[in-house]
Amino acid sequence: MSKSDDLTLALERSFLASEFLTWLWFRCEVEGGVFDLPSGGVSLAVEDALSLASWDDDALKASLRGGAPTRRPEAANALASGLLLKKARFILARDTREWLFSLDGDTLDLSSVKVVDPDAEEDEDEDPLATKLAAGEELRGAIDALYGEFLAQRLDGAWDRVEVPRLREWVRFKLEHASKQVGVA
Amino acid sequence: MLVGRGALSFKTFEVSGKNPTPSHERLLERLEQFAFAGIDAQEEGAVHGWVAPDHLFDGDFASPKVFRGQYALFALRIDTKKVPGPVLAAHTALAIAAACEADGVEKLPAKQKRDLKREVKRQLLAETPPVQRAYGVFWNVRARKVFLQSTSKAVVEAFRALFERAFELNLEPHSPGMRAAQFARERGLTQALREARPLALYTSDRALAAV
């Protein structure tokens, strides 16, 4: 397959990125968000600022911000209406460090990345700028590895048979929970 | 410091080409050669070039400043200059009215109007300061990865074109579709990728009308 074939296929399959974000959300809620990556374990949580959109030309959109939005009835209803996660603010932890960042479901670009390391000690030999940039690059590597894990499942024969029913069950559960929250059960 | 300032937002690129891991000397030489050279006072449009990592006007590509840890640091400066359409239209209308009054006529020939408009634009461009912007770049040369501190399409395109010209290398922006195509190709899963259809989580019959 040539590079131009890759490009055509890439454009046609760009929906995978928002599926990836939605799958991360599912894994965080259902399996605790712990991932064993080749570069070391990480734990992940969807934090705030959810943007959801449907996958069609005249996209339906929903935005939720503040007040634990992943647990809001509106989030469950958006998923049940066919919307997928387009952008969100995540928190990723590895050892003592935490990264707060936004991940874009069109490009997988990282934005507003902040790194917190309460155990970091001042080391005169270390360049704080180079350390900050390296932390950004490390986060990029972790997200790419997570995307690789998603793709391995997405392109596996078991995706439609096993993972899709689990995702739908998750949405159904969220919706039932939402019904109770709003008193329409 | 332009590079690494504040919370990081960046676009990632893979570097490839004949010599994807250039020496420090070559890198500095190419930065100097394609350094930002300024925009002409009467020029309209955008001008791009490299600046050193400290600030907008930093033209000193000194090795200790550029090479920090595993990274080469510099910035893309883009100056743009444009006379806003309504401003040009208003000044042109005033100039035409003044010329009509001076000549004692009601209307000017089309050619004279065009010449007046050109002259007004030239004057306004000379008076308009350029919008000056710079975007940090950090390049992990050994890992063949470049990070641009902007995700704007226009900035990404300008950066890619200048980088490829300056360093005679190819840049491939990270994109989820391309990564999926590459992943599938490397594992013999291209057919599975071709057959992948968008995920439908619909349970719309159960969606809550009330929420």
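Within every chain, numbering begins at 1; the chains are lettered A, B, ... in the order of the sequence lines, protein sequences first and strands thereafter.
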Please rank [options] by heavy-atom pairs under 4.5 Å with chain B and give me the top one.
options: A:Val115, A:Leu16, A:Val164, A:Leu129; value: A:Leu129
options: A:Thr107, A:Leu83, A:Asp144; value: A:Asp144
options: A:Trp170, A:Trp159, A:Tyr147, A:Phe101; value: A:Tyr147

Residues, nucleotides or ligands: over 12 heavy atoms within 6.0 Å of [X] [atom1]:
X: B:His55; atom1: NE2; result: yes
X: B:Arg26; atom1: CZ; result: yes
X: A:Arg97; atom1: CZ; result: yes
X: B:Lys117; atom1: NZ; result: no

With side chains defined as the heavy atoms from C-beta onward, is the minimum distance between B:His174 and A:Leu108 less than 4.5 Å?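 No. Closest side-chain heavy atoms not under 4.5 Å.
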
Evaluate side chain to side chain contact (heavy atoms under 4.5 Å, CB included) for B:Leu199 paired with A:Phe15, printing each intermediate quantity in order. CA-CA 9 Å; B:Leu199 171 66; A:Phe15 58 80; over 6 Å; no

Is it the side chain or the backbone of [X] that comes within 4.5 Å of chain B heavy atoms, both, or neither?
X: A:Leu133; answer: both
X: A:Thr22; answer: side chain
X: A:Asp160; answer: neither
X: A:Arg154; answer: side chain
X: A:Ala152; answer: both
X: A:Ala134; answer: both

If you measure from [atom1] on [X] to [atom2] on [Y], what distance do you get to the nearest 0.5 Å?
X: A:Leu110; Y: B:Thr151; atom1: CG; atom2: OG1; result: 10.0 Å
X: B:Ser175; Y: A:Asp109; atom1: OG; atom2: CG; result: 9.5 Å
X: A:Arg140; Y: B:Lys145; atom1: CZ; atom2: NZ; result: 9.5 Å
X: B:Phe138; Y: A:Lys132; atom1: CZ; atom2: NZ; result: 9.5 Å

Residue part contacting chain A, namely of B:Gln70, when any heavy atom lies under 4.5 Å: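 Side chain only.
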
Which region of B:Arg187, side chain (C-beta onward) or backbone (N, CA, C, O), has a non-hydrogen atom less than 4.5 Å from a non-hydrogen atom of chain A, or is it both or neither?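 Neither part, no heavy atoms under 4.5 Å.
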
Report the C-alpha distance between B:Leu8 and A:Leu139 in whole Å, list the side-chain angles of each, state the deciding distance to 0.1 Å, and finish with yes or no for side chain to side chain contact (heavy atoms under 4.5 Å, CB included). CA-CA 11 Å; B:Leu8 290 177; A:Leu139 175 64; over 6 Å; no

For B:Leu193 versus A:Leu155, what's the shortest heavy-atom pair and its separation?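 For B:Leu193 versus A:Leu155, the nearest heavy atoms are CA-CD2, 3.7 Å.
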
Determine the minimum heavy-atom distance between B:Ala200 and A:Arg168, stating which atoms define it.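 Closest pair (atom of B:Ala200, atom of A:Arg168, distance): O-NH2, 2.9 Å.
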
In terms of heavy-atom pairs under 4.5 Å, which option from B:Ala7, B:Ser9, B:Gly4, B:Pro176 contacts chain A the most?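 Answer, by heavy-atom pair count under 4.5 Å with chain A: B:Pro176.
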
